[in-house]
4 protein chains.
Amino acid sequence: MGTESEDVGAATKRVRILHAAREVCARRGYDGARMEEIASAARVSKGTLYNFFENKEDLFLNAVLESYERARRLLRAETRAPGGPAERLEGICAAMAKAIPIISEEMPVNFQIWGVMARDEKARQRMFEALRRIYAEQADEIQSILREGQQAGVFAAHFDPEAIVTAIHGIFDGQIYRSAFDPENANSTRLGAALEALLRHAVLPKRARLGESADG
Amino acid sequence: MGTESEDVGAATKRVRILHAAREVCARRGYDGARMEEIASAARVSKGTLYNFFENKEDLFLNAVLESYERARRLLRAETRAPGGPAERLEGICAAMAKAIPIISEEMPVNFQIWGVMARDEKARQRMFEALRRIYAEQADEIQSILREGQQAGVFAAHFDPEAIVTAIHGIFDGQIYRSAFDPENANSTRLGAALEALLRHAVLPKRARLGESADG
Amino acid sequence: MGTESEDVGAATKRVRILHAAREVCARRGYDGARMEEIASAARVSKGTLYNFFENKEDLFLNAVLESYERARRLLRAETRAPGGPAERLEGICAAMAKAIPIISEEMPVNFQIWGVMARDEKARQRMFEALRRIYAEQADEIQSILREGQQAGVFAAHFDPEAIVTAIHGIFDGQIYRSAFDPENANSTRLGAALEALLRHAVLPKRARLGESADG
Amino acid sequence: MGTESEDVGAATKRVRILHAAREVCARRGYDGARMEEIASAARVSKGTLYNFFENKEDLFLNAVLESYERARRLLRAETRAPGGPAERLEGICAAMAKAIPIISEEMPVNFQIWGVMARDEKARQRMFEALRRIYAEQADEIQSILREGQQAGVFAAHFDPEAIVTAIHGIFDGQIYRSAFDPENANSTRLGAALEALLRHAVLPKRARLGESADG
DNA sequence: AATGAATGAGTATTCATTCAT
DNA sequence: TATGAATGAATACTCATTCAT
């Protein structure tokens with residue numbers, strides 16, 4: 001008895017600290033985020049911070065990794081859905097559109113931590129490796145959908161899947177990057193429009209495109 | 001007498017300091033970059049730093065702005081070149097491809113400074129405003145080329161210029177963003193391939209597209 | 001039932017802690033000796049330390065007192081032996097020679113603790129009082145032997161017992177003091193040679209001295 | 001102009017800091033001696049402390065070395081005086097007697113620092129090496145006086161110079177050591193009496209000793 | 001304008017101690 | 001009694017900034 005609630009308590013405490021760290025960092029910046037304030041925001045003592053994390057840097061490294069992990073779950077959610085290539089591709093684009101505002105909101109803090117980790121080669125590697133893994137995972141998924149669609153004849157035959165993946169990812173990353181300094185022009189609508197244009201003109205089959213042109 | 005050479009000397013000194021600041025920041029990170037070391041790298045004394053810049057933050061704000069200014073010049077170089085819409089669009093894409101490695105190299109330092117400026121709303125606004133201006137400038141340029149091309153009938157009629165601009169910019173931004181953590185997969189070649197696919201399928205006229213399909 | 005073994009257990013535990021404290025202090029220095037590590041070296045928990053001692057300072061005060069007590073036992077062992085003044089004096093000198101390496105080994109830790117107790121007048125007094133008691137005890141013993149020997153005519157008549165006691169103690173203390181920084185030149189052999197010279201020339205009767213000179 | 005007074009100022013500042021460090025350490029103990037308070041006692045800022053010394057440990061290491069250097073000067077003063085062996089030996093003993101109260105007063109602080117340096121092998125070696133040098137220097141001086149005196153026939157022929165040097169040094173060290181915990185019984189008078197007894201009985205020639213016994 | 005010695009505000013981190021179990 | 005997670009007081013040290021020269 002009590003063990004469960006204790007385990008939950010421990011898990012909760014760790015997550016409480018990570019979120020408190022992000023929250024204070026968002027308000028004050030990395031350097032301005034005093035451990036004291038983070039502890040207080042997480043409703044633990046300063047010493048407890050150091051029972052969970054080696055030091056400030058380690059705390060924020062883990063805060064970033066946890067943010068990535070949430071992003072990964074967000075992006076994979078609809079990728080594994082059933083359906084034909086077109087439906088699944090649309091699912092991925094929809095997931096991206098849904099993820100953009102959430103990820104964008106976390107980027108200012110993440111960018112800060114990227115900067116701080118610049119000094120620690122090892123931490124930086126670990127942080128970026130996690131990020132690359134998410135991208136590679138998703139790129140593979142998209143590319144196999146594109147190939148599958150081409151073979152099944154539901155996608156146009158003449159595009160280069162790798163270039164299209166780069167374009168899709170680029171459009172997505174671009175919105176995230178831009179949201180940091182130009183939130184007005186970085187949003188789900190713009191992302192959706194750009195992706196739709198890319199898919200309509202480059203990926204969808206000629207019939208669709210002819211239909212289009214017939215409309216014009 | 002001597003004023004000219006002194007002005008040149010002053011200009012040179014200012015730039016020397018800005019570059020020294022970037023260089024030390026790249027090696028040590030923002031916090032690790034001591035004014036002492038920057039001064040020494042710029043071959044001036046610590047006190048001289050404060051004759052050119054208000055304080056450390058101001059120094060780095062200016063270092064970022066100078067980096068942006070160089071990027072702006074890089075990107076505009078071929079935009080203003082003469083020629084038809086197709087040539088000018090290709091010129092812009094070529095300029096982007098050429099700019100990517102230079103800008104990418106400067107991003108780690110810029111990201112650091114973004115983080116630092118988080119605390120100073122005013123500095124951040126000034127920094128981001130400069131960045132937005134570059135983007136707006138270029139977006140306008142591209143969009144007018146696209147419209148001009150559509151009206152002249154040298155581009156396909158049915159794409160949405162705004163969506164295409166977003167896509168082009170997105171692909172470009174995406175490479176810059178990604179280069180920070182995944183340099184292997186962010187380079188001019190990838191950028192070129194993605195842009196080419198976008199333009200070929202969405203922007204170039206049907207003839208070209210039909211030609212394509214004739215090739216297949 | 002079990003009380004005895006528990007008492008023994010408690011006694012053992014207390015001594016284990018005191019020795020662990022000395023051992024860790026020898027390795028890490030007083031400040032570097034964490035209660036955690038002492039507890040671990042004594043195979044008890046941190047909390048248990050506080051069941052035996054008020055606090056860190058109290059623990060180390062007791063560690064020093066225990067060291068003194070052992071030194072006292074070592075030095076008194078042969079003092080109370082039977083025999084004439086000469087034999088008993090020799091016994092004392094032999095005990096000193098035997099004690100030197102043991103005491104010397106403990107001095108580095110003791111010196112550390114002296115320093116720490118500087119802040120706590122009361123603790124320092126208690127610690128130094130114990131040390132003075134050992135010295136006074138032994139000084140009395142030696143002086144009474146010297147007087148007894150003079151009255152019995154087995155020692156030379158013209159030395160000042162108090163000065164000789166000071167000299168004997170000084171030579172002993174000097175070796176202990178010096179062993180802290182110059183172990184090469186502080187050892188039983190040197191102590192023995194110096195004490196022998198003192199006794200031969202100053203304490204033993206003329207006959208011996210004449211015999212000596214006859215040898216020369 | 002001004003350079004001299006500046007040099008003096010710099011020298012003075014360093015010495016002011018060293019003395020302030022000793023003074024605060026004597027009052028509060030090593031750990032209790034806050035850098036802030038030392039700076040304030042030396043009438044400089046905290047930062048200036050670190051312009052002169054690497055860190056707290058280095059500051060106190062230098063404080064001890066400077067104390068040794070003063071002791072060395074004190075002890076050598078009369079050693080180099082002219083005169084026969086007997087006069088010079090008396091001069092050394094007189095210097096010791098004069099040095100005792102000064103050195104004794106500094107020992108509590110020095111002992112503390114010995115303890116602190118226990119953790120830093122290198123600092124400890126440097127500190128103890130300086131101390132050993134003083135002792136070796138003086139031991140050589142005394143021994144050569146003793147040998148010279150024996151050869152000249154002004155000292156007794158039958159003592160072992162090395163043992164006598166050990167005894168003299170021992171008596172001296174013993175007083176210093178003892179002064180730390182038993183100042184009542186460690187003073188110049190006691191030192192003088194013990195040294196006199198040693199010299200009278202062991203070093204001075206038989207004539208003197210016979211004269212003595214004639215007095216008795 | 002240039003210098004660099006002096007300043008002192010500001011904070012991460014440690015670890016002795018407590019106390020609920 | 002024993003445990004060890006949680007606490008928070010306490011402080012060495014750095015380095016941006018100033019200003020007398």
Side-chain angles (χ1 to χ4, degrees), chain A residues 1-3 6 9-10 13 31-40 42-59, chain B residues 6 9-10 13 28 30-40 42-60, chain C residues 6 9-10 13 28 30-40 42-60, chain D residues 1-3 6 9-10 13 31-40 42-59:
Chain A
M1 101 221 129
T3 34
E6 271 165 36
K13 201 174 283 184
D31 284 320
R34 280 177 299 115
M35 296 300 268
E36 182 79 49
E37 190 173 0
I38 294 170
S40 149
R43 300 192 313 279
V44 297
S45 79
K46 221 178 337 168
T48 300
L49 258 41
Y50 291 88
N51 287 339
F52 282 86
F53 304 98
E54 297 257 339
N55 49 37
K56 189 177 183 177
E57 210 174 283
D58 184 50
L59 165 58
Chain B
E6 270 166 39
K13 206 175 277 184
R28 310 247 189 237
Y30 178 87
D31 283 323
R34 280 175 296 116
M35 296 298 268
E36 181 81 48
E37 190 173 0
I38 293 170
S40 151
R43 300 193 313 279
V44 297
S45 81
K46 225 179 339 168
T48 300
L49 259 39
Y50 290 86
N51 288 335
F52 284 86
F53 305 98
E54 296 258 338
N55 51 36
K56 187 178 182 178
E57 212 173 281
D58 183 50
L59 166 58
F60 276 95
Chain C
E6 270 165 39
K13 205 175 277 185
R28 309 250 191 236
Y30 178 87
D31 283 322
R34 280 176 296 117
M35 296 299 268
E36 182 81 48
E37 190 173 0
I38 294 169
S40 151
R43 301 193 311 280
V44 297
S45 82
K46 225 178 341 169
T48 300
L49 258 41
Y50 290 85
N51 288 336
F52 284 88
F53 304 98
E54 295 260 336
N55 50 36
K56 188 178 182 178
E57 211 173 284
D58 183 50
L59 166 57
F60 276 94
Chain D
M1 95 207 148
T3 34
E6 271 165 39
K13 203 174 280 184
D31 284 319
R34 281 177 298 116
M35 295 300 270
E36 183 81 48
E37 190 174 0
I38 293 169
S40 150
R43 300 193 312 280
V44 296
S45 79
K46 216 179 344 165
T48 300
L49 256 41
Y50 289 89
N51 287 339
F52 283 87
F53 305 98
E54 296 257 338
N55 50 36
K56 189 177 182 178
E57 209 173 285
D58 184 49
L59 166 58

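Proteins get letters first, then strands, A, B, ... in listed order; numbering begins at 1 in each.
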Heavy-atom nearest nucleotide on DNA chain F taken for B/Arg34 and for D/Gly32; more 5' hit belongs to D/Gly32

Comparing B/Lys46 with D/Tyr50, nearest DNA chain F nucleotide closer to 5' gives the residue D/Tyr50

Return no unless some side-chain N or O of C/Lys13 is found under 4.0 Å from OP1 or OP2 of F/dA2.
-> yes

OP1 or OP2 of E/dT7 under 4.0 Å from side-chain N/O of D/Thr48: yes

To the nearest angstrom, how far is [X] atom [atom1] from [N] atom [atom2]?
X       : N      : atom1 : atom2 : answer
C/Leu49 : E/dT17 : CG    : P     : 10 Å
C/Phe53 : F/dT1  : CZ    : C1'   : 16 Å
D/Leu59 : F/dA12 : CG    : P     : 11 Å
B/Glu37 : F/dT14 : CD    : P     : 15 Å
D/Asp31 : E/dA16 : CG    : C1'   : 13 Å
D/Glu36 : E/dT7  : CD    : P     : 12 Å
D/Arg43 : E/dA5  : CZ    : P     : 21 Å
D/Phe52 : F/dC13 : CZ    : P     : 17 Å

Closest listed nucleotide, where the reference is the side chain of [X] and the choices are [options]:
X       : options              : result
B/Ser45 : F/dC15, E/dT3, F/dA6 : E/dT3
C/Lys56 : E/dA16, E/dA2, E/dA6 : E/dA16
C/Asn51 : F/dA2, F/dC13, E/dA6 : F/dA2

Test of understanding: with side chain to side chain contact (heavy atoms under 4.5 Å, CB included), list the residues that count as partners of [X], not counting sequence neighbours.
X       : result
A/Arg43 : A/Arg16
B/Asn51 : none
B/Tyr50 : B/Met35

Between C/Ala33 and C/Arg28 the two heavy atoms that sit nearest each other are N-CB, 4.0 Å

Smallest heavy-atom separation, D/Lys56 atom then D/Asp31 atom, equals NZ-O, 3.6 Å

NZ of B/Lys13 to CG of B/Leu49, rounded to nearest 0.5 Å, is 11.0 Å

The side-chain hydrogen bond (donor to acceptor under 3.5 Å, both in side chains) partners of C/Ser45 (sequence neighbours excluded) come to C/Thr48

Sorted by chain and number, sequence neighbours left out, side-chain hydrogen bond (donor to acceptor under 3.5 Å, both in side chains) with B/Glu57 holds for none

Comparing nearest nucleotides in DNA chain E, the 5'-proximal residue of the pair C/Asn55, A/Glu57 is A/Glu57

The residue, A/Met35 or B/Gly47, whose nearest nucleotide of DNA chain E is more 5′ is B/Gly47

A correct dot-bracket answer for DNA chain F, with pairs being Watson-Crick or G-U at under 3.5 Å, [ ] for crossing pairs and | for inter-strand pairs, is .||||||||||||||||||||

(request) Looking at every strand, decide which applies to C/Ala39 at a 4.0 Å heavy-atom threshold: base, sugar-phosphate, or nothing. (result) nothing

